[in-house]
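In what follows, a single structure is set out as structure tokens and then discussed.
None of the values given here were measured: they were computed from a predicted structure.
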Amino acid sequence: MSDETLLAARGLVVRYGSTDAVRGVDLEVRRSEVVGLIGPDGGGKTSTLRVLAGLLRATAGEAEAFGADTWRTRRALHHRLGYLAQRFALYGDLTVDENIQFFALMYGVPAWKVRRTELLELVGLEDFRSRLADRLSGGMKQKLALACTLIHSPEILLLDEPTTGVDPVTRREFWRLLADLVGEGLTLLIATPYLDEAERCTRVLLMHDGRILADARPQEIPDLMPGSIVEVTAEQRTRAAEILAEIENVADVSVFGNTLHVRVEGARDPVAVVRTALGDSGVPVEGARPIPAGLEDAFLYLTRSPEPEVLMEASS
Amino acid sequence: MIRRVLAVAIKELLQLKRDWRTAIALLGMPLVLLMIYGYALSFDVTDIRLGVVDLSRTSASRRVVEAFLESGFFVRAATLDEVRPTDALFASEAIQAALVIPADFASEAAALRPTSLLFILDGADSQTASTILSYARQIVAATTPEVLGIEFRSPLEAAPLVWYNPDLKSSIFLVPGLLAFILMVSSVIATALAVVREKERGTMESLRATPIRAIELLLGKTLPYLLVGSVSAAGALFLAWALFEMPVRGSIFWLAVVTLLFLAGGLGWGIFISTLAESQQVAFQLGLLSSMLPTLLLSGFIFPISSMPRALQIISSIVPARYFIAALRSIVLKGVGPDMWWQQAAALAIFGALVLLAATVRMVRSL
């Protein structure tokens, strides 16, 4: 039962005029998974989610939910699926209670008043029931939106960048909330530009430029990148980067804050390679140490690859 | 189906309740407009400023001048000894008409020779001028036997008997058109913003994620405004009756039926515009233009359809106000039953059904 595929896309293409937003995406979401669709803005995340939610018609390829085409069966699908748009618009001139009531009636939820109270307690808005939605803070609006999309007890929830533009405290609260929902058996597909949120997912899809570059568990993502990372601290950072980029074993150099992350391939002692190169050019090195590759390193590596392809299938 | 229509309708009413400015505008605007236009818009001309140039100075000539003043249409604005200064008075609009009685008027009249009174008019406003002229003719015709001292009878006479509006008061003719105009504009504006507001605020996307159908959304958006529109239409009809003496000779029931059909068409047209427009501003302007101009110009409200060029007559056949005004005049002024105006009612129903269908087709695409 837990292996049941809820969402699937095969060769999904979404084209707006002459721009391809999604260029052939294959993906699957199984019951009880928390799948993160991670990538930079403009990578096709929203288009992918909207097709899967039955809000947008795919230009080509297949998108299925519960084994049926998402567009053709969208009305039935909307009873089983929740979709939280990036800018989920509430009715600002309706109260918290009225907003939820509206969506409850739209979905025809039986005994919705009980459900509403439950949800308001869950998201912590029970003290604000008669407040107009426009008068809520950003985080509270987000929680109300979540309550509205959950009123019909969907089996799967699609969230489009739910934490973008939300303060860190609210972000953590929001994720805690999502964790509670997952505990109750909800399946999630979350689009986010934040790499650090990948760690909260059971599986991550790295999306860039309309394609899925990687499909793996979060801890496996760094392994997708060959070589090892040396963190270099140097006064003349820009010059150091230029010099290192010319070295044979150095695959690429990225700037991380005031350090450099240098990826070295095919060398037995990567730190020595870096120190020698910089020493030869007379650039003083304050520090050079090997560090474990992080998600961000892997992501930068993957988005730089000239040939995007799925590098690894999820092991489960 | 009904549940979701109701959900949308309740939401719209709640939003309308919160947005009290709009609510007041929708309910009160028709009444205010009716008052303003009702008082301002009239083809009746009274208190015409008359310049009197009596060169005859006889009892006969004074009798003619009195006849003008007693008619109630004219007031004496100037008394002159010669014709020339009337120029300046016309130019300064001190007078609108001048009556010049020639010096030989009394003697010629006494001799029963044909004689003329000179009647000078400001023709800049031709509509008013022709009205004044017809008053003057009537007065002169009525006074002639008295002045000549003979009983005068023309061999043939068309004895007028005016039905439905015996005093030929233009308000009785204009108020039904005014009602059509006001109800059309306010109903179109009411719904023109309804769908586009959801697009602008982004709530459309939230709606699309629910199992709602296009027709459910449209009905849910239209019905509350039909309710609001009915209330304000009833108010406007009452005002028309109370203030402008519009008689209601026919059945109130049929009046309500025809008004509802008309409102449905206006609301449907507004919804259709709302599905086309991308912003509330565009929707508002489209709604205003498309409801105001045809209703004002092509409905028979002011300009009779029968005297329009053929092409405009054909265009006017898709203006719902045309049918509403005709039906309203039939019901209200003539008090006749459905057998006399069922075609107009059918035209209104067809218009309403077509625009709602068009809006639904548009909506299905964007939902």
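- For B:Val8, the parts lying near chain A are the backbone and the side chain together; criterion is any non-hydrogen pair under 4.5 Å.
- Contact annotation for A:Ala53: neither backbone nor side-chain heavy atoms come within less than 4.5 Å of a heavy atom of chain B.
- Contact between A:Leu105 and B:Ala7 at its shortest, heavy atoms only, is CB-CB, 3.5 Å.
- A:Glu126 pairs by the salt bridge (charged side-chain N to carboxylate O under 4.0 Å, His left out) definition with nothing, not counting sequence neighbours.
- With sequence neighbours left out, B:Leu31 forms a side-chain contact (heavy atoms from CB on, under 4.5 Å) with B:Ala236, B:Leu239.
- Partners of A:Thr170 under the side-chain hydrogen bond (donor to acceptor under 3.5 Å, both in side chains) rule, at least two apart in sequence or in another chain, are A:Asp167.
- Between chain B and the residues A:Gly92, A:Ala76, A:Ala85, the largest count of heavy-atom pairs under 4.5 Å involves A:Gly92.
- Interface remark: A:Leu132 contributes side-chain atoms only to the contact with chain B (heavy atom separation under 4.5 Å).
- Within a 6.0 Å radius of CE in A:Met140, more than 12 heavy atoms belonging to other residues, nucleotides or ligands are found.
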May I have a table of the donor-acceptor pairs connecting chain A and chain B at distances under 3.5 Å?
from, atom 1, to, atom 2, distance (Å)
A:Arg50, NE, B:Glu205, OE2, 2.7
A:Arg50, NH2, B:Glu205, OE1, 3.2
A:Arg50, NH2, B:Glu205, OE2, 3.3
A:Leu55, O, B:Arg208, NH1, 3.3
A:Leu55, O, B:Arg208, NH2, 2.5
A:Arg75, NH1, B:Pro211, O, 2.0
A:His78, ND1, B:Arg208, O, 3.4
A:His78, ND1, B:Thr210, O, 3.3
A:Arg87, NH2, B:Arg201, O, 3.0
A:Ala89, O, B:Ser206, OG, 2.9
A:Tyr91, OH, B:Glu198, OE1, 2.5
A:Tyr91, OH, B:Glu198, OE2, 3.3
A:Asp93, O, B:Arg18, NH1, 2.8
A:Asp93, OD1, B:Gln15, NE2, 3.0
A:Glu98, OE1, B:Arg18, NH1, 2.8
A:Glu98, OE1, B:Arg18, NH2, 3.3
A:Glu98, OE2, B:Arg18, NH2, 2.9
A:Leu105, O, B:Arg3, NE, 2.9
A:Tyr107, OH, B:Ala209, O, 3.1

